[in-house]
Q: 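Encoded as structure tokens, here's the structure I'll be asking about.
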Amino acid sequence: MKSHPLATSVLVLAVLVAAGAPALAHHGNAAYDDKVTEFKQAKVTQFAWANPHALINFDAVDAKGNLVHMVVESAAPQALRLIGWTKTSVMPGDVITVRMYVAKSGNPAGRLQKIILADGSELHDTQLGGDEGGKTRYNPDADTGKK
């Protein structure tokens with residue numbers, strides 16, 4: 001049987017591209033609301049410093065006064081480390097304010113914009129994780145009006 005290296009290479013490349021498509025697809029923003037929801041006095045129940053996203057589980061009171069258990073995802077630990085986070089930045093029992101883009105599906109989950117720690121310091125999801133109306137992951141080219 002005669003070997004065809006070009007055909008084999010093309011086939012291997014096609015399989016790798018097809019396998020990588022689902023990994024790229026999950027990074028879209030379509031699943032999340034485009035406005036920020038804030039949960040004050042949220043009590044951290046777990047902080048998972050793991051790939052592909054660090055996760056913060058917390059209990060808070062929603063706008064209707066109901067206790068809800070939420071999970072918010074942020075960037076990967078490697079990216080968070082570059083902007084000041086550590087694996088002990090948030091610990092179970094900490095009381096924080098969570099600003100997040102909640103899931104459109106109604107699931108108790110979302111994507112982090114920023115957290116405000118008890119001492120008033122802030123940890124953003126990305127370097128662009130600014131306040132509404134400013135530069136956010138949804139509109140990195142926004143004119144913030146700041147000079």
Side-chain angles (χ1 to χ4, degrees), residues 8-147:
T8 303
S9 296
V10 169
L11 179 62
V12 168
L13 181 61
V15 169
L16 290 174
V17 168
L24 294 174
H26 94 273
H27 283 99
N29 298 328
Y32 305 116
D33 197 355
D34 60 355
K35 70 176 177 59
V36 173
T37 299
E38 184 173 272
F39 294 93
K40 295 183 178 185
Q41 299 294 308
K43 186 174 182 181
V44 176
T45 58
Q46 181 183 19
F47 180 42
W49 183 257
N51 284 316
H53 301 279
L55 301 172
I56 302 171
N57 291 272
F58 64 92
D59 292 328
V61 176
D62 68 11
K64 297 177 183 175
N66 300 314
L67 181 65
V68 292
H69 178 75
M70 302 288 290
V71 61
V72 63
E73 75 174 9
S74 63
Q78 301 87 329
L80 294 176
R81 189 176 291 117
L82 294 173
I83 56 173
W85 290 66
T86 69
K87 63 182 177 181
T88 60
S89 290
V90 182
M91 301 294 290
D94 287 354
V95 177
I96 60 175
T97 296
V98 179
R99 292 177 53 93
M100 63 189 278
Y101 303 95
V102 297
K104 289 179 182 177
S105 66
N107 289 333
R111 179 70 188 202
L112 184 67
Q113 187 226 15
K114 71 177 175 181
I115 61 172
I116 304 168
L117 303 174
D119 67 2
S121 61
E122 298 179 359
L123 291 171
H124 295 264
D125 181 41
T126 67
Q127 290 177 315
L128 296 177
D131 293 320
E132 281 185 279
K135 292 185 177 185
T136 70
R137 63 190 198 87
Y138 288 97
N139 189 7
D141 298 322
D143 180 9
T144 63
K146 297 178 184 175
K147 302 287 180 198

Q: What is the distance from atom CE of Met70 to atom OG1 of Thr37, rounded to the nearest 0.5 Å?
A: 7.5 Å
Q: Return the minimal non-hydrogen interatomic distance between Leu123 and Gly84, and the atom names on each side.
A: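 So the two residues come closest at CD2-O, 4.3 Å.
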Q: So, taking the atom named CH2 in Trp49 and the one named OG1 in Thr88, what distance separates them when rounded to the nearest 0.5 Å?
A: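 Going from CH2 on Trp49 over to OG1 on Thr88, the span is 8.5 Å.
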Q: Determine the minimum heavy-atom distance between Asp119 and Ser121, stating which atoms define it.
A: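 It is OD1-OG, 2.6 Å.
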Q: Enter the distance from Ile56:CD1 to Glu73:CD here, rounded to the nearest 0.5 Å.
A: 11.0 Å
Q: With side chains defined as the heavy atoms from C-beta onward, is the minimum distance between Val61 and Gln41 less than 4.5 Å?
A: no
Q: In a check of side chain to side chain contact (heavy atoms under 4.5 Å, CB included) between Ser74 and each of Leu112, Val90, Leu55, which one passes?
A: Leu112
Q: With heavy-atom distances below 4.5 Å as the criterion, would you say the side chains of Val44 and Met91 are in contact?
A: no
Q: To the nearest 0.5 Å, how far apart are CZ in Arg99 and CD in Glu38?
A: 5.0 Å
Q: Within a strict 4.5 Å, meaning less than it, do heavy atoms of the Asn51 and Gln78 side chains meet?
A: yes
Q: Could you walk me through whether Val102 and Tyr32 pass the side-chain contact (heavy atoms from CB on, under 4.5 Å) test, one step at a time?
A: CA-CA 5 Å; Val102 297; Tyr32 305 116; over 6 Å; no
Q: In Å, rounded to the nearest 0.5 Å, how long is the span from OG1 of Thr86 to CZ of Phe47?
A: 7.5 Å
Q: For Lys104, look at atom NZ and say whether over 12 heavy atoms of other residues, nucleotides or ligands are found less than 6.0 Å away.
A: yes
Q: Indicate the atoms forming the closest heavy-atom contact of Pro77 with Ala54, along with that distance.
A: CD-N, 4.4 Å
Q: May I ask you to test the Pro108-Val68 pair for a side-chain heavy-atom distance under 4.5 Å?
A: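 Counting from C-beta outward, Pro108 and Val68 never come under 4.5 Å.
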Q: Mind listing the closest non-hydrogen atom pair of His69 and Thr45 along with its distance?
A: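 In this case the closest contact between His69 and Thr45 is CE1-OG1, 3.3 Å.
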Q: Where is the tightest heavy-atom contact between Phe39 and Asp62, given as atom of each residue plus distance?
A: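 Where Phe39 meets Asp62 most closely, the heavy atoms are CE2-CA, 4.3 Å.
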Q: Check step by step if side-chain contact (heavy atoms from CB on, under 4.5 Å) holds for Ile96 and Phe58.
A: CA-CA 9 Å; Ile96 60 175; Phe58 64 92; 5.5 Å; no
Q: Can you tell me how far CG of Asp94 sits from CG of Leu117, rounded to the nearest 0.5 angstrom?
A: 7.5 Å
Q: Looking only at non-hydrogen atoms, find the nearest pair between Ala75 and Arg111 and report the distance.
A: N-NH2, 3.6 Å
